[in-house]
Structure formats: C-alpha cells, structure tokens
Amino acid sequence: MLVTPHTHTQINPAPTYRWRRDNWEIKLMELPNEHYSLVGGNLIINNPEEKKHAGTYVCVAKNVYGTVISKEAKVKFGYLEEFPDEERDPVTVKEGQGAVLLCAPPKRWPTEVTFRWIYNEFPVFLHPDKRRFVSQSTGNLYISKVEASDAGNYSCYVFNPQIGKGVYSKFIPLISTEETPEKRYKADLVVKFPDTTAMLNYNVTLECFALGNPAPHIVWRKIGATDLPASAQVSMSGALLHLYNVQYEDSAGYECEAINQKWQDWHQAWLYVEAAPEWAVTINNTQKDVGSEHTMSCVANGKPGPYIRWLKDGYSYGKGELKFSSLTFEDSGMYQCIAENYWGIIYASAELRVIACAPTFELNPVKKYLLGANNGRVVIECKPRAAPRPRFTWTKGKEVLFNNSRISIMFDGSLEILNATRNDEGVYTCLAENDRGKANSTGTLTITEATQITVAPEDTQVMVGEEVHLQCQASFDPSLDITFIWSLDFRVIDFYLEWKHYERIMDREDSGELKIMNVQLRHEGRYTCTAQTVVDNVTASADLKVKGLPAPPGGVRVEEIRDTSVKLVWNRGADHGSLILGYTIQTRDFYALTEVDWRDASTSPTALDGMSVMADVVDLYPWMEYEFRVYATNEFGDGEASIPSMKIKTWDAVPVVAPTNVGGYGGKDGELIITWTPVQPQYFYGKKFGYVVAFKPHDEVDWWYETISDPETRRYVHRDASFRVKSNDFQVREFQVKVKTFNSKGDGPYSLSTTIYYPRDVPSESPTDVYSRPVSSHEALVWWIPVMDTGTGLQQYIDGYQVKYWRKYDDTEPGANRIFVPASMNQTRLENMLPDSHYLIEVRAYNGAGVGPPSEHCEMFTKRAPPSVAPQMWRYISYSGKWLYVWWHHISYDWFGNESFPLYYKVMFRKTGYITGPIYMTGWHFIDFPMPQVGDYELEVRGRYEGGDGPIRKIRLQGKASFLRPTLSLAAMLLLALCIVGLGI
C-alpha cells in the first residue's frame, strides 16, 4: 500500500522539506526508516501499519526568506467488522400488515456504506419498490404491507466501497400468515429524516417511508414554498428526496406526508446548509519601507463563520488582523493566514519583505515637459523609490521653494501650484534625501490659456418622441486640440452604440452640440458637457425633462397577509411632467398561464388616487401564492408596471366551493358509481384537501359516508350486493348522492343532492333522425332525436349517448372514435377527422348496464383541407415613417385540386409577447396601419377557407407609437398599386 500526502510550494530559491506526524518531526535524514521516504517534497509511506502510521501529517517548507506549513493530511485505516454469529429471530406478521427487519450493522470506517438485502440465497438481492424500502441510514428493511410472496429468509448485506469489502448477516426468517378478510391499516411513518446539516454545493438525501395498507403514497413539500427546489428529485416511489448542489436558499423545513385511504401521517424536520471556508480577501507578497505602517488582513466566507489565525515562519503569530505601526527588518518573513470552521481549513501564504534604499528616479522621473492652464491648478509629481520615506525639496531655477498660499509641497513629494500664471513657467527640480542617500529630477513647466465654456446647454423640457438640441461651445488655447464629451447622469454617452438617439454635431472646432432624436423617458436626466484638452477641462450641465407616461412605482411590498386580502405598500415613481391621476394594482397567482397573465385586482379603497402609497388588495384566494405589481396613470396614459413584489402565500381557510356536476349511475354486480367535477386547485383554500362522498337509497334515512383524500379524484365506486336489481323490482332503484370538500381547516359545504338511478337493463331503443354537417376539414356537427326517457322504466332509463364515427372504406368499426355526451344533450361536435373523407356516424343510448341498440348510420363528407403554404407577403413603410402598408398574394384556387375554397383573410396585429390582439377580416389582399412608435409588434396574415384556417405568415416590426385602428384608404390603395407595378408583381 502506498500513501502519498502531497505539498505544492512555489518558492525561489528551492526550499528544504521536513515532515511532522502528530506534531513530532519525522527524522528522515538522521534516522533512515524502511517505511518513510522523501521524493521531491512528497512523503511516501511503504507498507503502512495502523499503529505506526495513522495520524495527522504536516509538511514544513523552508528557505532563506522564511518558512511555511502545509495543510494537514490525515491518514486513517478503513475497516468493516463482521456481523455477530448469533442466529436472528424470525419475524411473524399478518398479510396486509407492515414489517420491519432490523439490520444492526457492525462497526466500520468510513461510515459511508451501502445497504442491500439478500432474499433466500446469495446473490439474489431484493429490489426496493413502492412496498419495500431499504434505509441507507440504518440499513433496516421496511415492507409497507406484507404479501404472501414476501415470505422467506432475509440477510442484510453491508458493503464498504472505500476498502472494497462486504459482509452479510445471518438470515432472518419472515413468516406471513393469511388474514381473511384482509384488513386495511392507516399510513404510519416509520422512517423519518432527522434535522440535517448539508454542505454548500454538495448533495443530500432525505428518507421517509410509511407502513400501511394500501401502500401509502409519499408526498414531499418545502415549508413556506409552493414547490420543491429546482434541483430536487424524488425517487424510490417517493421514499427519497434528493437535493443536488445544495444552496443556502435550500435551507428550510421539509415535510413528507404519507397518504392512503385510511389515514394521513406527516413529519417535518429542518435542513441546514453550511459551508467550508472560502477566501473572499486574501494576502499577497508585499514589499514595504522600513519604519512604515502596514496592515495584513484576510477575509473568509463560510458557515459557521470561520476563525482567522496567523503563522509567521511556521509559528503562531496572532489572530484577526495584523497591524504594524513601524516596520522593522525583523518583521520580514513568510506569513500564513489560516481560516477554519467545523467543515474545513484553508491556508493563504505571502511574503512580507521590509526594505531600505537610497532615493532613485530611474523608474519614475519627473516629466521633462509639463503643461498647465492659466489660473488653473498644476501638480508636478515627484515619486522616487526610497526607503525610508525621503525628505523633499523643490527649486525653480536656483530658487528654493517654500509652502505659501499658492505653492505647497504635498505629503507624497508632489508640488502643487494654485492659480498658475505665465510667471510660474520655468525649470522645476525635485530633490529627495534620506539616511541612505539623495537624488533629484528636473522638468520644464509651460502655462497655456485656460479652456472656458462660452455657450452652455440650457434646461429643456420636451415630449416623448420629439427631437432636442443641447448647445455647448468653448474657447481654448490654439496650440492644443479640444474634444467634447457628453454624459447623462455621470454616464458617458457612447455615440457609436447609441446612434439611434444621440448624435454629436461637430460643424465647428469650438462646438460640440448634442442632438437627441426620438426622445424617450429614459433619456431624462442631467446632461453634462465636458470640454477637454490635454491640459485642463471644464464642464457645464443642463437638465432635460421628458413629459410622458409616468415611471413605474418602486419598492412594491406586502406588509400584512390575511386569508383573502393583503396590505400592499409602494413608493411613488416619477410623474414625468404630468400629474399622476391614479394607480392600478395587478395580481398574478400560481396558476397564471403565462408570465404576462396579470389581472387587475380589487382594492380597498376601490379607486386609488395619485397620492396613494398603500392599499388593501381584497377578494384573493386563501392558500394561494401571489405576486403584485403597480402602475400609475397620467394624462398621457398608463405607465410601465413596477417590478413584481416578492411572492407571498395567503393564509389558509375553510373551503367554500362544493364540487359541481354531481351525478352517477348504477353499474353491474352491485356497483354504484358516483361522479363529480373536481374543485379547481385555487379553491382548495388549504392543505390536505379532499372530498366526503355521502349517499343513501332514496327510501332510507341514514346516509353513508366515504372520505376521498386525493383532490383530483372525480369518481367513487361503491360495491354492495344488496344494490343489485332483483327480478321482482318493477322500478329503477333511486339513490340520493351529495359531495362536500374539506381541508386541514375544516369542512366545506355539500353540493346539492342529486338522484341517480340503478337500471335493470340496457336501453332498448335507439336514437332516430341522426343528421350531420361538416364544419371544416377536421370537424363536423351531429345531432339526433333523443330516446324517450320515462325515468322509471327499467329498460328506458339512460345516462347519455355514445357517438361513434369512422371512415367508411378506410377504418374498421372497432377502431372508431367515440364521444360520450350526457342525456340532456342531443348534439355534439366531432373532432380530429381527416379532410376530404367519407365518414359513417352512429349514435347509441347508454346507462350503467351498457349501451343500447345503434341508430341508423349517417353518412357525410368532410371538407377539403386548406393549403399548406402561407400567402407570400410584403411590407412598405412610408417616407415619413408614420404608415405601414402590407400586401400579400391572392390565393389561387384549383377547382380540380384537393384544397378547399378561400373565403377571406384574417389579419392580427399584436404586441410582441402578447397572446392575442385585434383581428381584422378582409376580402382584399392589402391593408395599412399607422406605424407603431412604441414597442415591438407582430403582424400575422392567414387565409380562411371552407376547410378552416390556413397557415400563418408573420412579420415583425419595431417602433414607438401606440397602435391605432387600420384603414383601407384610397391613397393607400393607389400607393399600393404603384408599389405592385414597381415591383413587377
């Protein structure tokens, strides 16, 4: 066996290496060892033994500049003990009951092992399913309900992948005894995940399993959220919840619920997410002057917060932040910052080198030629390399300069001259001196004319869509070049990228006029013109106010949550030059179809004036996830909506909506089938939603009740031999049925009672006068004269009608399409038919006993299909950019072809991202619109044929004005004719 802890150091000159085990140095050179050897800094352990070599290893690297210590490496020896030799006691259980077989695994390291169970003989392993589960935490085998086939001998198999070893226990006999009749048992959670801590970016698995008959269904939830995290995956028939790449936002309470027809059981526990240390701010090699101040700090992220400590040359040197008030040569060395918490430890290394040297200007001399503006501020830099910090002296020619009201020597040695004039021109010399030596550097200063703004931009107010010019002119020294820079709210305008709206007019050398085209609300702000030369610059600013739609409100948030209402608060947005008339609140719930499916909310007060900053949003669904947004309205229209609020969930409440369309029928062999339309999810009003079905024979007083826990269930079948129609029954048996809802808060109302019937036989008569007509190439309408329903006759009671249709020569009757309609209807629509086909249609009455005799066959032909190719389309935008003209090819019709006859055209003009828009129908093959000026639009054209709608041809438009109704003006037709002639169409 070879164990190799590695060290990686990048040090010059090359270091020497030493190794320590449990803080004791390994004498590799002094005491040669047959087990240890050193190769390139790596420690190699040959034929390791647990007693001699298990422990914590550290590498120490050292050269003339200092010493660093590596991260600790732990050497452990894996093991997996054998199971005890004692025989295991048998487990006896009745069929239908749950069973638990204990594994009791032996001691091991590492503790991460896999558990499997052997069934009867090796290597026949048990495959977990909905009924059987093997916990990877305890190794126990759980069977939710025992069946006769489960009887046998079971052995727990433990495998350690780190050491490649597996062991198995003595066999445990499982004996199942028959229970007649088989009982049902409530769901009982026996595997419950504990409070769990997971590492950031790692995976974690939560276990949950229940016993019960029928086998319970497991449902997982994240407490306080409507959905599980995006990275979550449920497996093993719901028993395992995997969370991959765990993040901090996954930290929450999680709930598993076990459901069967007898009971619901649930369990909650918390998932905590923590993280090993990770550097946010680290240290770097630094060179500092002797005697100077210096601070060394490092910051690490992690959870729990990491503890920071320091090493210098391998020895402890403090904690937190290192501060040096006056560096000495003894402070030089290798420093290591160590951050550690429960989950790990990280090291950062850097050298601090304290130096001293005489001043030198070799790397950074004073500039030879310097320019300054008249009456401006001039700074001549003097930054030699020196340690310790030198003393600075400045001269102009032979004159030594001293600090006064205009001239001062700055701390870093630079010379500052205020209100410079021509008299300040000359040769300047900087002299730097310390205890190691001295040096000087010289430059020549020239004073130029100052740059001044002669024509400044003025405050301006414009409407959206207009054009505006902002003036900016300046005087400057003729020996220099000048450039004009424009910025909006301190952001420099990029004329290359923003050419659609900004243009800089440079018709004169001293002018930098700004032209803003097609002004939008986002162009409002403070515009600053900067006239700049290599010597100085000067600025002038003006405010541009844009009048238009109001800005979106900000800070939309929910402050109070109730069951059917919330308190919403927001901040007013900019009115953009027009008084805000009012606000509108919109909501989007969990079941919104699209991201743009926002709906106006009911509020209290009903009307929100322009001064409103809060309101109660009412008439909300309880136990529903909502988000809210607000938009303002002024004289120009509705502004952009705010950023949506954070998603919230209203409190739960007792349900108030009962199931609808409650009905049913009697089946065969004493079956009573009760049906209803399930309540929509938004009306659940809370968790653990379900139904209570109540029914009784018409002539009895007591009701029978059955609880249904699945909210999506739409039928219940009750079997009772006493319901069967007897030979001496002369009337249809009647039953009263009703259904109510319930959730964790209580019971909702019952539906209206409905009478359903238990027939003796199938209907004896068939519908008559079946007639149909095609609607399109794929659809048709069919109607008939219904069967007379006496309501009491055993053979004449019907529940509805079965409509069959198939192609006469191409399909077989057994494979026909079928539609079922209630007895109250005598017509329906046939869909998914093939075009230009000969169909047969048949109608039969049916009830719970079966279907009655067929009607006479009705024959019909579907229409031919519309063309498969969309019409070719062109567009033209007027010279002014205000009108859009669209035309397309007339669709030619071939009387002997297989395509249907064209009727007219449909034109839809809608905003991009919206599902619907205005639809216009025309027999012409052209149309014109005002060109949109705000937003992106899509225009779609399709033909309408006898066989239905044809394919769509679409064009996309980018513009800015609101959409107006189209016209078919004479001028448009003339222009269209000219375009067609010009294009040779």
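None of the values given here were measured: they were computed from a predicted structure.
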Next on the checklist: Do Arg389 and Phe411 form a cation-pi contact, if we require the NZ or CZ to be under 6.0 Å from the six-membered ring centre and within 45 degrees of the ring's axis?
Outcome noted: yes
Item to check | Distance flag, aromatic centroids of Phe193 and Trp270, threshold under 6.0 Å | outcome: no
Checklist entry - Side chains of Ser408 and Asn403: is there a donor and an acceptor less than 3.5 Å apart? => result no
Checklist entry - Rounded to the nearest 0.5 Å, how far does OG of Ser332 lie from OH of Tyr65? => result 10.5 Å
Checklist entry - Counting only heavy atoms not in Tyr342, do more than 12 sit closer than 6.0 Å to its OH atom? => result no
Checklist entry - Among side-chain atoms of Asn364 and Glu381, is any donor-acceptor pair under 3.5 angstrom? => result no
Checklist entry - Are the aromatic ring centres of His53 and Phe77 under 6.0 angstrom apart? => result no
Item to check | Val75 vs Tyr57 side-chain heavy atoms within contact, under 4.5 Å | outcome: yes
Next on the checklist: Show the nearest heavy-atom pair for residues Phe159 and Gly164, with the distance to one decimal.
Outcome noted: CE1-C, 3.8 Å
Next on the checklist: Would you call the rings of Tyr335 and Phe324 parallel, tilted or perpendicular, taking 30° and 60° as the class edges?
Outcome noted: perpendicular
Item to check | Face-on cation placement of Arg108 at Tyr79 ring, 6.0 Å and 45° thresholds | outcome: no
Checklist entry - Under 3.5 Å, is there a donor-acceptor pair between the Ser135 and Glu207 side chains? => result yes
Checklist entry - Is there a donor-acceptor contact under 3.5 Å linking the side chains of Trp19 and Glu25? => result no
Checklist outcome for this item: CD1 of Ile69 to CZ of Arg18, rounded to nearest 0.5 Å, is 8.5 Å
Checklist entry - Thr442 and Thr429: side-chain donor and acceptor closer than 3.5 Å? => result yes
Item to check | Pair Thr328-Glu330, side-chain donor/acceptor within less than 3.5 Å | outcome: yes
Next on the checklist: Less than 4.0 angstrom from a charged side-chain N to a carboxylate O is my criterion; do Lys51 and Glu49 meet it?
Outcome noted: no
Next on the checklist: Quick check: closest heavy atoms across His242 and Thr205, and the distance to 0.1 Å?
Outcome noted: ND1-OG1, 3.0 Å
Checklist entry - Does NZ belonging to Lys396 count more than 12 external heavy atoms closer than 6.0 Å? => result yes
